[in-house]
Amino acid sequence: MGHLPQNKIDQQDKQIECYHCGDICQDEHVLFDEKNFCCNGCKTVYEILRENNLCNYYDLEKNPGITLKNRDFGEKYNYLDNEEIQDKILDFCEGQTAKVHFYIPTIHCSSCIWLLENLYKLKEGIRYSRVNFTQKEVFIDYNPLILTLKDLVATLATIGYEPYISLEQETRKKQKSVNRDLLVKIGVAGFCFGNIMLLSFPEYFGFEGIDDKIIQRFISWLNVALVLPVVFYCSTDYFKSAFTGLKQKYINIDVPISLGIITLFIVSIIHVSFQIGPGYLDSLSGLLFFLLIGRWIQNKTYEGLSFERDYRSYFPLAVTLVINSTHKTVPVRDLRENDIIRIRNNEILPADSILLSKEANIDYSFVTGESEPVKKNKNDLIYAGGRQMGTSIELAVQKTVSQSYLTQLWNNEAFKKEESSQIESMINRISKYFTATVLIIAFSGLVTWLSIDPFKAWFVFTAVLIVACPCALALATPFTLGNTMNVFGRNHFYLKNSHTVEKLMKISHIVFDKTGTLTNSKKGHIIFEGESINIKEKSWISNLLTNSTHPLSRRILTSYFHDMFTHHPIQRYHEIKGKGIYGNVDGHHIKIGSAAFLNGEIANQQSFSDIKDPRYSKVYISIDGHPKGVFFIENNYREGLDSLMDHLGKYFKLTVLSGDRETEEENLKSIFPSGTLMKFNQKPGEKLDYIHFLQKNGEQVMMLGDGLNDAGALVKSHLGVAVTEDITSFTPASDAILDAEKLAKLDKFISFSHTSKNIIIASFIISFFYNILGMGFAIMGKLTPIIAAILMPASSISVVLFATFAVTMMARINKLI
Amino acid sequence: MSVIVLLIIFSVIVALIFLVSFIWAVKSGQYDDTESPPVRILFDNEMNKQSPPENKKTRK
């Protein structure tokens with residue numbers, strides 16, 4: 001009894017790192033081969049690797065492994081023996097050769113690549129394996145006669161690389177081909193741009209009077225030929241987007257861009273055909289080249305992360321079906337009503353069912369956010385999404401998976417994000433005015449010049465359209481936002497796309513989920529300090545505690561008084577809210593509560609209140625007026641919440657939506673600024689309705705949540721952020737994924753998004769400066785191809801450089817990189 | 001002077017060859033993963049250190 005809490009804290013400071021995964025060894029500490037391991041799982045992996053001479057794994061990177069804490073595979077992969085499922089997963093299978101690829105979210109360093117590519121040394125039957133690091137995929141070629149798919153997956157799982165297996169993987173393929181197309185377009189545009197520039201060089205240096213007219217014409221027409229792929233292949237996306245925009249009577253940024261491209265092209269063709277001049281072909285191809293690079297930067301996303309998961313990702317692929325007391329694995333969607341299924345410890349129930357076993361302990365935290373498991377008895381209906389804790393249970397399926405409560409909820413219309421409600425991006429709003437202004441200037445230029453020189457009037461008109469092409473405008477946003485995304489990514493805040501940064505700027509209301517978002521999934525330590533308590537006293541205290549529903553009472557009870565104690569009747573039990581409890585047990589007066597509550601009795605016991613660490617709550621105990629000791633209870637709220645909420649409270653409205661009961665209200669009140677609305681016992685549907693209610697009142701809502709219970713609200717909100725302790729684990733569909741450790745930086749992220757906005761505005765100003773300059777040349781009828789060829793790339797490059805450097809610099813100043 | 005025409009045609013053709021090979025590289029997926037190949041090339045050497053007889057053949 002009674003370890004000194006001080007010791008415990010010291011130990012944490014020393015921080016023994018696990019040789020395998022680099023975690024700090026806390027509760028468990030395994031010493032093996034003169035190396036420290038945080039758990040037996042990590043030690044086992046080390047053993048396996050050492051036996052197979054694969055210890056290079058540890059030389060390439062420091063502590064490369066993946067923690068195996070809380071991972072128990074058991075019979076989880078039995079469903080892989082089902083042939084129908086195998087068919088879906090395998091890429092190819094014939095005779096002695098099978099090919100398969102897995103998505104393994106835990107791939108994260110070069111050691112991972114090395115180990116996964118040396119799998120053949122680990123397990124007989126594996127012929128070849130290759131990693132695609134960006135996609136976090138591994139391609140394996142093995143002999144199915146020697147090694148079953150189940151064993152292969154189990155091997156991967158035991159060394160910490162548990163594959164994510166899903167029966168639908170088509171969406172990822174599509175994205176790949178889009179990226180490739182864009183790369184080809186950039187290549188073509190770059191090729192044409194370079195060659196046209198090269199061929200136009202004589203022009204730049206004023207060799208206009210090249211004696212040989214034939215060569216001059218040859219070069220001009222070669223340039224025209226080179227620009228054709230740029231206009232008809234590389235620019236197609238811009239034309240398409242401009243056309244769809246116009247069809248919806250909406251001017252987006254691609255309208256002025258397309259207008260510029262078309263004008264440039266037609267004018268150049270005319271100039272070349274009538275031998276007026278060389279045209280603006282170099283400017284045109286250069287423009288496209290820069291624009292495409294901008295688009296590429298904007299499109300860069302976190303391919304290894306998935307933002308589009310629905311409820312199916314949470315459900316098992318297959319379940320054990322019981323037919324006449326024999327077990328058979330079947331895919332989940334083949335379940336019929338009245339089928340009898342068997343759910344083992346830690347498995348998730350895929351369909352609404354009635355319990356046949358005597359009792360079950362169901363953890364609904366996935367679905368409702370309620371963290372305490374619920375006890376169910378025979379013949380109770382259990383909803384899909386519940387996780388069985390404890391022994392295996394048997395159930396009779398009531399509804400098929402697609403008819404189950406959770407699936408129905410997910411398919412609810414309200415869950416679908418209304419695209420029209422999406423905020424208009426800044427660039428498109430500006431481009432409306434931009435296009436109008438340019439057209440006005442062009443026409444007024446045309447009218448003015450018509451009276452002076454009709455031929456020149458058309459030249460001026462086209463020159464204005466050419467030079468005003470908003471390339472710099474169109475580049476400012478992708479480069480700034482793309483870079484901002486990068487900065488966030490380095491801080492473990494991953495955005496789905498750069499448009500999300502713009503959404504972040506406009507947030508007015510932030511809604512937090514409690515369980516898993518504000519709190520840690522790990523329960524904190526409980527330490528007792530004081531006189532030793534004998535068994536009798538222990539049983540008195542535990543009896544008193546059972547009467548209290550206060551979370552601290554429950555925490556002490558569950559983690560400190562594990563054993564059952566004899567039941568004693570309690571007299572004169574009283575609970576004083578926010579202070580403590582007291583009562584008479586077995587004739588003894590026992591008080592449990594805060595220091596103030598026991599004030600008179602602990603006044604002379606200073607040693608009890610040594611720890612001032614705010615992470616610990618203190619609960620004092622006295623028996624018959626004699627102080628016995630104090631419990632130090634580490635709360636499981638994430639660090640830095642206090643100051644985060646202080647900052648956020650100044651600028652945003654905050655709300656807490658929790659699936660839990662009200663027990664934590666007191667604690668939450670001390671963290672959140674006064675006036676924060678807190679709602680408890682919220683079902684997934686209610687969370688969704690509340691978000692909808694806020695949106696109706698014109699709020700721009702950002703929702704932070706973690707579980708499936710928040711999934712609807714995350715999708716519905718303007719900006720859904722999935723908070724996760726393990727970036728590689730599965731998160732609900734969202735706009736952004738945030739590492740739970742970095743939650744305290746949320747205010748910095750939001751304020752940095754505003755910084756990016758200012759940077760974009762500054763870039764716009766720079767680009768306007770160039771536009772005014774160019775416009776001046778154009779209106780005066782002096783925009784020669786050379787001036788255009790210098791001015792346009794110069795404006796593009798300076799805007800790109802400014803945006804890139806400004807973001808990096810501001811991130812440094814804000815200590816985000 | 002017409003030799004210039006010939007040279008220009010040649011230079012464009014040479015550039016085209018590079019463009020085509022770039023497109024081929026993209027289409028064949030060489031740009032899908034830019035992280036692992038540079039790391040992978042270092043692995044072989046380290047492995048050879050530990051187990052030279054196995055991989056000697058490939059190195060020659």
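Naming convention: chains lettered A, B, ... in sequence-line order (proteins, then strands); numbering from 1 in each chain. FYI, side chains are in, hydrogens and waters are out, and symmetry mates aren't considered; it's all heavy atoms of this structure.
Looking at Leu198(A), neither its backbone nor its side chain comes within 4.5 Å of chain B, counting heavy atoms on both sides. Interface remark: Val26(B) contributes backbone and side-chain atoms alike to the contact with chain A (heavy atom separation under 4.5 Å).
Top candidate by heavy-atom pairs under 4.5 Å with chain A, chosen from Val12(B), Leu19(B), Ile23(B), is Leu19(B).
Here the side chains of Tyr161(A) and Val138(A) are not in contact, with every heavy-atom distance at 4.5 Å or above. In this structure, Lys136(A) and Ile104(A) have side chains that are not in contact, with every pair of non-hydrogen atoms separated by 4.5 Å or more.
Nearest heavy-atom pair across Ile219(A) and Leu199(A) is CG2-O, 3.5 Å.
Annotation: cation-pi geometry satisfied between Lys185(A) and Tyr233(A) (NZ/CZ under 6.0 angstrom from ring centroid, within 45° of ring axis).
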